[in-house]
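Report on one structure; see the data block that follows.
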Number of protein chains: 2
Amino acid sequence: MGPTIADVARVAGVSRSTVSYALSGKRSISGETRQRIFDAIRDLGFTANAGARALATRRTMVLGLLMQFEPDEFAPAMLQYVMAVTETARRKGYDILLVTDHDGPAALRRITDSGMVDGVVLLDVLHDDPRLPVLREAHRPAATVGLPADTEGLDVYDLDFGAAARQIVDHLRDLGHPEIVLITPPRPVFSRGGAYSWRFRDAAVEQAARRGVRLTAHYGEADPSRIPATVGAVLDAHPQATALIVHNDATAAMLPAVLGARGVAVPGDLSVISLYSADFARTFSLPYTFVESAPGLLGRSAVEALVHRLDHPGGPDRPVTRLVAPHLIDRGSTR
Amino acid sequence: MGPTIADVARVAGVSRSTVSYALSGKRSISGETRQRIFDAIRDLGFTANAGARALATRRTMVLGLLMQFEPDEFAPAMLQYVMAVTETARRKGYDILLVTDHDGPAALRRITDSGMVDGVVLLDVLHDDPRLPVLREAHRPAATVGLPADTEGLDVYDLDFGAAARQIVDHLRDLGHPEIVLITPPRPVFSRGGAYSWRFRDAAVEQAARRGVRLTAHYGEADPSRIPATVGAVLDAHPQATALIVHNDATAAMLPAVLGARGVAVPGDLSVISLYSADFARTFSLPYTFVESAPGLLGRSAVEALVHRLDHPGGPDRPVTRLVAPHLIDRGSTR
DNA sequence: TACGGTTTTCGAACCGGTTCGACGGAGAAA
DNA sequence: TTTCTCCGTCGAACCGGTTCGAAAACCGTA
């Protein structure tokens, strides 16, 4: 299609290898020759062929991004991870191969075995994720967002959901709330193995017990149209509750409408505190106090760790698991 | 890294070319030889190297997906295009290189000139999109979602926003509404050149005039936190208006809360009709009558057209511009 | 003038596939 | 028996880069 390095060499009157060295800078080239080469490159509009380069260098400069799209996940939040990952990758010189196959393990095998990617980022990793065995066989650097049971060989990034839960419970207890209700992710998230769901819930329950606060957890709705009824039922079931914790994006997004329709004032009648990203809050104008879920930070960190590992092969750094400390942003919806 | 075709050939006791032919089926191979080859492939766990194959065949089996992320676009809707594109591509045997660079033209040049992709899908194409000149120089098949001024050489898919507007206006007129207000996309979308914005608005205004209905258009808010106030101001300014058309996802998503807070009953006090996808309505439990914006269909069609063109190079089919006919789904929010 | 040491450039091999032309052997037709 | 086909397989060239070892050119010094 376009001009090749041989064309450049011919026009510049040098050999192909000289052009290659001028481009990579791995050997010194005289100023005059270099000039002729770059002139030729410009005149011809030469761009190195990615496939040929990948073949020779065994580096594609492409990262695989594996995400699966579960119907009980709230789609909007996922885009924040995707954007953070692609933008960070580009800044580091990598492109992103986006893989959303339903059969995650097979897809992972496909892109690693064929050498399409130098490394992979896994989103939404489950406690016992079926992609991990495949990943270990592939012998390719990988970073995850989401904490699996076995982190061997992986750079793992996730929010410290336990700490987040404790911070939220303490926050409400310090305000004097004797009874709290928690809306968790939908039940399928738990049964599928989305560890963040029970890491948050169990820590909340435990901390409440430790602090002498009554706390009851209820599953959020996977079907959005049932959210208003479910929230209503939960509130009805706990007339004494003065505080609501929401750990579910879909529920949080519609909470203003739901509470508005019931005539519940926040924080007058009910203190509300949630767990999502600032971006998410902005998109839906959610006025609640919340703990930042940091998708941007997590996605960025995962890519940076992965790229570091790729750029320093055989480096001494052990894989790291980092649980990001929660950060509470007070918007005055609790008192 | 992994085994190569030479390893397979050695184990099976044949030449490399024979293995290649067994794999591709382009020449006949005796049953017994074929069996030995596939046994070797299985035993070794061989997968062909993508870069080498791309180099030899000049096909990467990868499509570029170019999207830009504007702060005044509503993020959740974009994910539907991305999912439709990636899933369709996979079904056709292609992977997706996701490109979100801020500098779209440069990114496009990079992935085409380097031969990373066989073709590209452009999302959210502007009336006078700066990526198009680059695209024409690249001589690579392309499909777009969004209708540009010059469609030369492109397969273009978009909703027929003009027809959608006329259908909506007629629908409201037939119900007897004398005055209608329309909330359009935010002003930056117009000035940037998002043609769908004015194609819808201008057609609505024109059709209303033709039908003898009063219709006033107002810009939606780019800043979500200002949406309630803006909707309120628009309604206050038109106390006689009995119908509201919403052509803006962000506004639609919060409309239940906004109208609820104002005590406006739908359709009792106000008929509401909107333009978004069924998926979007489901995610936010929006109860309004709407015209389907069909992101799934558009994304799928664009990829299918692109793949067809790639699989039939030099085929006789002229590039096609297809404006999908609008489909109104009555949810009873107008009367 | 010959010599040693740098600096710059070249040629060839290699990465791992695909594909073209040719060749050997088997079976059919002459 | 010879000739012609057709089938199955092989070897070599090629896709477009990178990289290693060595040659060539240039410099100052003995």
Side-chain angles (χ1 to χ4, degrees), chain A residues 1-38 40-41 44-62 93 110-118 313, chain B residues 1-38 40-41 44-62 93 110-118 313:
Chain A
M1 208 87 175
T4 73
I5 201 171
D7 298 322
V8 174
R10 187 163 23 72
V11 169
V14 297
S15 72
R16 294 191 302 151
S17 53
T18 302
V19 175
S20 179
Y21 284 122
L23 243 12
S24 68
K26 292 191 178 172
R27 285 193 186 177
S28 60
I29 301 289
S30 73
E32 192 223 354
T33 304
R34 175 213 261 44
Q35 192 54 55
R36 286 210 316 280
I37 290 175
F38 282 118
I41 287 175
L44 294 171
F46 166 79
T47 304
N49 180 282
R53 176 169 281 172
L55 185 55
T57 61
R58 303 158 150 283
R59 299 283 301 271
T60 63
M61 301 308 282
V62 173
R110 185 169 54 77
I111 65 171
T112 53
D113 287 2
S114 67
M116 300 182 84
V117 298
D118 293 336
Chain B
M1 209 90 175
T4 73
I5 202 170
D7 298 321
V8 174
R10 187 163 20 74
V11 169
V14 296
S15 71
R16 294 190 303 152
S17 53
T18 303
V19 176
S20 179
Y21 284 123
L23 244 11
S24 69
K26 292 190 178 175
R27 283 192 186 178
S28 60
I29 301 289
S30 75
E32 192 223 354
T33 304
R34 175 211 263 45
Q35 191 55 56
R36 285 210 316 282
I37 290 174
F38 282 116
I41 287 175
L44 294 172
F46 166 79
T47 304
N49 180 283
R53 177 169 281 170
L55 185 55
T57 62
R58 307 163 145 283
R59 297 284 301 272
T60 63
M61 302 306 283
V62 174
R110 186 168 54 79
I111 65 171
T112 54
D113 287 1
S114 67
M116 299 182 84
V117 298
D118 294 336

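Atom set for the values below is all heavy atoms of this structure, side chains included, hydrogens, waters and symmetry mates excluded. Lettering of chains follows the sequences in order, A, B, ..., and the numbering in each one begins at 1.
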Pairwise salt bridge (charged side-chain N to carboxylate O under 4.0 Å, His left out) hits with a residue in residues 45-59 of chain B, at least two apart: B:Arg59-B:Asp118, B:Arg59-B:Asp311
Terminal axes of the helix from C:dT1-D:dA30 to C:dA30-D:dT1 (5 end pairs apiece), angle rounded to 10 degrees, sit apart by 70°
For B:Ser20, enumerate each residue passing the side-chain hydrogen bond (donor to acceptor under 3.5 Å, both in side chains) test, keeping only those at least two apart in sequence or located in another chain. none
Between A:Ile111 and A:Val62, is the side chain to side chain contact (heavy atoms under 4.5 Å, CB included) condition met? List the steps. CA-CA 10 Å; A:Ile111 65 171; A:Val62 173; over 6 Å; no
Roughly how many Å is it from CG in B:Asp7 to C1' in C:dG17, rounded to a whole number? 13 Å
List for me each residue that meets salt bridge (charged side-chain N to carboxylate O under 4.0 Å, His left out) alongside A:Arg16, sequence neighbours excluded, and say none if there are none. none
For A:Ala40, enumerate each residue passing the side chain to side chain contact (heavy atoms under 4.5 Å, CB included) test, keeping only those at least two apart in sequence or located in another chain. A:Val8, A:Val11, A:Ala12
Give me the residues of residues 25-37 of chain B where at least one heavy atom lies under 4.0 Å from an atom of DNA chain C, by number, or none. B:Lys26, B:Arg27
Are B:Phe46 and B:Ile5 packed together at the side-chain level, in the sense that at least one heavy-atom pair is separated by less than 4.5 angstrom? yes
Rounded to whole Å, CG of A:Asn49 lies from C1' of D:dG16 at a distance of 6 Å
Using atom names, set out every protein N or O paired with an N or O of nucleotides 12-15 of chain C below 3.5 Å, distance rounded to 0.1 Å.
unit_1	atom_1	unit_2	atom_2	d
C:dC15	O3'	A:Arg58	NH2	3.3

Listed partners of A:Ser15 passing side-chain hydrogen bond (donor to acceptor under 3.5 Å, both in side chains), at least two apart: A:Ser17, A:Thr18
Got a sec, which pairs hit salt bridge (charged side-chain N to carboxylate O under 4.0 Å, His left out) with one end in residues 23-34 of chain B, sequence neighbours left out? B:Glu32-B:Arg36
Atom CD1 of B:Ile5 and atom P of C:dT19 are separated, to the nearest Å, by 11 Å
To the nearest Å, give me how far apart CE (A:Met61) and P (D:dT18) are. 13 Å
Those residues that, when tested against B:Ser114, pass side-chain hydrogen bond (donor to acceptor under 3.5 Å, both in side chains) (two or more places apart): none
CG of B:Leu44 versus P of C:dG16: gap in Å, rounded? 14 Å
Is it the case that the base of D:dC7 and the side chain of B:Tyr21 share a donor-acceptor contact (distance under 3.5 Å, atom types as modelled)? no
Rounded to the nearest angstrom, tell me the gap between atom CG in A:Leu23 and atom C1' in D:dG16. 13 Å
Atom CD1 of A:Ile29 and atom CZ of A:Phe38: how far apart are they, to the nearest 0.5 Å? 9.0 Å
Side chain of B:Thr18: nearest nucleotide among D:dT9, C:dG17, D:dG16? D:dT9
Test log, rule side chain to side chain contact (heavy atoms under 4.5 Å, CB included), inputs B:Ile37 and B:Val14: CA-CA 8 Å; B:Ile37 290 174; B:Val14 296; 4.1 Å; yes
